[in-house]
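What follows is a set of notes on a single structure, which appears directly below.
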Amino acid sequence: MLVMKFGGASVKNADAVRNVGYIIRQFADQPLIVVISAMDKTTNQLEKLARWARDCDETEAWAQFSRIREFHYEIVYSLGLGEMPGLKAQLEGYFQEIERIIRGLLLLGEFPSRTYDRIVSYGEMLSTAIVCHHLQQADVAAHFLDVRDIIKTDTTYTQARVIWSQTEANIKERVLPLLEKHGILITQGFIASSMEGKITTLGREGSDYTASIFAHCLEASRLIVWKDVKGVLNADPRRNPGALKHDHLTYEQAVEMTFYGATVIHPKTIKPLYARQIPLEVKCFLDLNESGTRIAAFDPQVSTGHLTSTIVKEGQVLLRISSRDFSFMKTSLVSEVFRWVSHAGAQVNLVQTTAISLNLCLDFHPDAIRELESLLMDQFHVEVEKDLVLTTYLNRGTGDLDLAENAAMVQQIEDKLFVLQRGN
Ligand code: ADP
Ligand code: ASP
Ligand code: MG
């Protein structure tokens, strides 16, 4: 059994959808779950729509609604699906839901996170309805699966946490029989629902994670995520056009790369696969002959991650925390600081201690950092430096350090080198 995932770029227009249909047919001789994201930048477009509605800009909101509608119908007509029984009714049902949400926002003038999750979820519903009908028209026995009935989460809207026991039971009891009956299931990434049936989302770019949840619960033979790049490269090709492909990576290497900013795979994707030793293949939907990158357990026969990777994470902040009275930063004080960090919901990327100071490199989430600063102020002296960039070099070896003068923090841990720099 195989799980595959297609992101927004792979279904951005009619030709792209045809290509996805072609790829699915190449794998159709085995049970297949296909997870699909919203088409192109639809999630961003739905976010914009909701903000206009919240700001009571009726003209812009309805114009944006029409643009989203036309974008999807243009793909439907280009694929020759205009007369497909069922598709129009399904799409109209989703557009009516979006309309209802907009009317609510226009009245309310606020945009709670549970409404965010409801409105953006329709991007994935629309795209999967279209892809599924395209396959059915091409006589592929694809069946539409509403993931909101299957993946269950808590109600941390916009960043919902999976309730694994219920999700796994749903997948085994409901998805497996459907898979046996239909062979190919088309479902949505990124979205889910709470135990009470409220729509939730797993975090932006979360469709890779959805695919990993299915692969884990079904104990799939592998997960393939189809991207617009040759595989996992040793740098972001948008920053470094000469970046080279890793043929193989271990789970550990992949998890470090994605955590420190290799956005090609969502960071949460690796753990569920690692837990059941399911290989992840990152392949190129633009070139099926390209071998891609295989991520799996360490194998002495396979050379993994021998290239140095350079990963860049922007939007970092450095907190320099020191005791007010020259007390040493002993374990009790450090643990006090971390208690507040956890309370504020901040994400720590690097830690350094000296006799009386503790430096933390964190993701810059303004509310969390402000809260943390005010929580620490009473007891500690706190300096905050923003707009920093964390560059992580993986598998770098221990050559001479040629550090830029503007480095705010440097750390070397085994073969990993971290440099936190001030923007130029
Ligand atoms: P999806 O279509 O699944 O949403 P994304 O567009 O989010 O996929 O991810 C693919 C993009 O990730 C590539 O186009 C590339 O620009 C970017 N990227 C960033 N870091 C890397 C890396 N180390 N290797 C490959 N691609 C990377
Ligand atoms: N459509 C969602 C987003 O744009 C999820 C995804 O693409 O993975 O964030
Ligand atoms: Mg994406």
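Each ligand, and each atom within it, is numbered from 1 in the order the structure gives.
For Gly123, the closest heavy-atom approach to ligand 2 does not fall below 4.0 Å. At a 4.0 Å cut-off, not a single heavy atom of Ser10 sits close enough to ligand 1 to count as contact. Distances from ligand 1 to the non-hydrogen atoms of Gly231 include at least one value under 4.0 Å.
Only the side chain of Val229 comes within 4.0 Å of ligand 1, counting heavy atoms alone; its backbone N, CA, C and O stay farther away. Only the side chain of Asp228 comes within contact range of ligand 1, with a heavy atom under 4.0 Å; no backbone atom does.
Protein heavy atom at the shortest distance from atom 9 (O) of ligand 1 is Val264 CA, 3.9 Å. Of the protein's non-hydrogen atoms, the one nearest atom 17 (C) of ligand 1 is Arg238 NH2, 3.5 Å. The protein non-hydrogen atom at the shortest distance from atom 6 (C) of ligand 2 is Ser207 OG, 3.4 Å. Annotation: atom 22 (C) of ligand 1 to nearest protein heavy atom, Ala235 O, 3.7 Å. Of the protein's non-hydrogen atoms, Leu233 O, 3.0 Å is the one closest to atom 23 (N) of ligand 1. Looking from atom 1 (P) of ligand 1 to the surrounding protein, the closest heavy atom is Lys227 NZ, 3.6 Å. The shortest contact between atom 7 (O) of ligand 1 and any protein heavy atom is with Glu205 OE1, 3.2 Å. Closest to atom 4 (O) of ligand 2 among all protein heavy atoms lies Arg204 NH2, 2.9 Å. Residue, atom and distance of the protein heavy atom nearest to atom 18 (N) of ligand 1 are Asp236 OD1, 3.8 Å.
A cation-pi arrangement, defined by a distance under 6.0 Å to the six-membered ring centre and an angle within 45 degrees of its axis, is present between Arg69 and Phe95.
Here is the list of ligand 2 atoms found below 4.0 Å of a heavy atom in Phe190: 2 (C), 5 (C). Under a 4.0 Å criterion applied to the non-hydrogen atoms of Gly7, ligand 1 contributes the atoms 1 (P), 2 (O), 3 (O). In the vicinity of Glu124, heavy-atom distances shorter than 4.0 Å reach the ligand 2 atoms 1 (N), 2 (C), 5 (C). Close contacts of ligand 2 with Ser37, meaning ligand atoms under 4.0 Å from a residue heavy atom, involve 6 (C), 7 (O), 8 (O).
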Please step through side chain to side chain donor-acceptor pair (under 3.5 Å) for the pair Asn13 and Asp40, ending with a clear verdict.
CA-CA 8 Å; Asn13 55 33; Asp40 204 16; over 6 Å; no

Chi angles and distances behind the side chain to side chain donor-acceptor pair (under 3.5 Å) call for Lys271, Ser212:
CA-CA 9 Å; Lys271 186 178 166 194; Ser212 164; over 6 Å; no

Would you please test Met1 and Gln30 for side-chain contact (heavy atoms from CB on, under 4.5 Å) and show each step?
CA-CA 6 Å; Met1 183 185 311; Gln30 61 202 302; over 6 Å; no

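Between Leu126 and Met39, the closest side-chain pair of non-hydrogen atoms is not below 4.5 Å.
Taking the six-membered ring where the residue is Trp, His266 and Tyr209 present parallel rings, their angle staying beneath 30° rather than reaching 60°.
The atom of Glu205 that is an N, O or S and sits closest to the Mg ion (ligand 3) is OE1.
Closest heavy-atom contact between Tyr77 and Gly82: CE2-CA, 3.4 Å. When every heavy atom of Leu106 is checked against every heavy atom of Cys56, the shortest pair comes out as O-SG, 3.4 Å.
Note: an N/O pair closer than 3.5 Å links Lys5 and ligand 1 by distance alone.
Looking at Gln90 and Tyr94, their side chains do bring a donor and an acceptor atom within 3.5 Å of each other. No hydrogens or angles considered: nothing links the side chains of Gln277 and Tyr251 as a donor-acceptor pair under 3.5 Å. In this structure, a donor-acceptor pair under 3.5 Å is absent between the side chains of Ser194 and Lys152.
We find that Glu180 and Lys172 are not joined by a salt bridge, their nearest charged nitrogen and carboxylate oxygen being 4.0 Å or further apart.
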